[in-house]
Amino acid sequence: MASLLHTWRLSFLLVVALIGKATAAGYSTPVFQASAWQSAFATFYGDETASETMGGACGYGNLFSSGYGTDTAALSTVIFKNGYGCGQCFQLRCANSQWCNKGSPIVTITGTNLCPPNWSQDSNHGGWCNPPRTHFDMAKPAFMKIAQWKGGIVPVSFRSFQGNGYWLLVYVMNVAGGGDIANMWVKGTKTNWISMSHNWGASYQAFATLGGQALSFKLTSYTNHETLIAYNVAPANWQVGMTYSATVNFH
Ligand SMILES: *[C@@H]1O[C@H](CO)[C@@H](O)[C@H](O)[C@H]1NC(C)=O
């Protein structure tokens with residue numbers, strides 16, 4: 001009996017943030033440490049569609065097509081750090097406010113914009129992003145994951161990640177159409193398969209040390225539970241924001 005062969009042409013868009021510094025020895029040790037929780041405040045901008053958060057000082061353009069989605073924030077000058085905060089990953093949770101969502105859920109956001117100071121507003125009354133305040137002006141959907149929007153401004157705890165590696169976000173486009181992805185793994189030439197977690201839409205994330213390594217991807221289909229492997233989709237000199245394509249077969 002002839003086996004059915006379904007061919008997909010997949011594109012993998014790599015959106016990557018460096019976490020901490022790579023050592024001179026390379027990227028051999030996947031060490032991820034979260035910093036201690038620190039205090040800050042958070043507000044939101046835009047509406048539920050987060051359309052107003054598109055573009056921004058980090059130059060990412062459309063955050064949907066560049067893979068960031070709506071879990072983003074504009075950072076006050078203190079954490080924007082002249083652009084070094086761009087692409088930096090933070091975990092945030094609402095702290096000690098009647099407006100916090102139940103259970104203090106944690107949201108992981110990416111810095112994609114600058115929240116500029118406004119010196120015509122008092123730093124404690126509207127000028128939330130004025131130095132020396134540490135402030136996250138979040139896309140509204142991200143804010144609503146941690147607090148009720150009616151709160152307007154809420155105190156938050158936040159932490160960033162330190163270590164030798166990357167936060168890797170991969171946005172998968174199935175050019176041929178058809179079939180959903182249930183699970184996804186990434187593998188560098190020097191690593192085993194690393195499970196990726198679903199971020200939003202067709203994007204998957206992993207914390208890994210993958211610099212200088214060709215990347216392979218393994219996927220399972222949601223509809224027919226088949227597994228496919230796309231070897232060496234991205235070459236060892238892969239770059240952030242690039243799209244790499246592979247033709248893979250389900251069979
Ligand atoms: C700065 O604050 C003033 C006073 O609230 C406001 O009128 C102005 O639009 C603000 N500027 C910006 C760039 O948001």
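Order of appearance sets the numbers: ligands from 1, and atoms from 1 within every ligand.
In this structure, Lys150 forms no cation-pi arrangement with Trp99, as its terminal cationic atom is not both closer than 6.0 Å to the ring centre and no more than 45° off the ring axis.
Looking only at protein heavy atoms, the nearest one to atom 2 (O) of ligand 1 is Asn118 ND2, 2.4 Å. Among protein heavy atoms, atom 3 (C) of ligand 1 sits closest to Ser120 OG, 3.3 Å.
Aromatic ring pairs are classed by plane angle as parallel below 30°, tilted from 30° to 60° and perpendicular above 60°; the pair Tyr231 and Trp193 is tilted.
Ser76 contributes a side-chain N or O that, together with a main-chain N or O of Arg133, makes up a donor-acceptor pair within less than 3.5 Å. Lys187 places a side-chain N or O within donor-acceptor distance of the main-chain N or O of Thr191, the cut-off being under 3.5 Å.
Contact annotation for atom 14 (O) of ligand 1: protein present (non-hydrogen atoms, distance under 4.0 Å). Protein non-hydrogen atoms do not reach within 4.0 Å of atom 9 (O) of ligand 1.
In the vicinity of Gln121, heavy-atom distances shorter than 4.0 Å reach the ligand 1 atoms 2 (O), 4 (C), 5 (O).
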For Val154 and Phe143, what are the C-alpha separation, side-chain angles and deciding distance, and is it a side chain to side chain contact (heavy atoms under 4.5 Å, CB included)?
CA-CA 10 Å; Val154 293; Phe143 184 91; 3.8 Å; yes
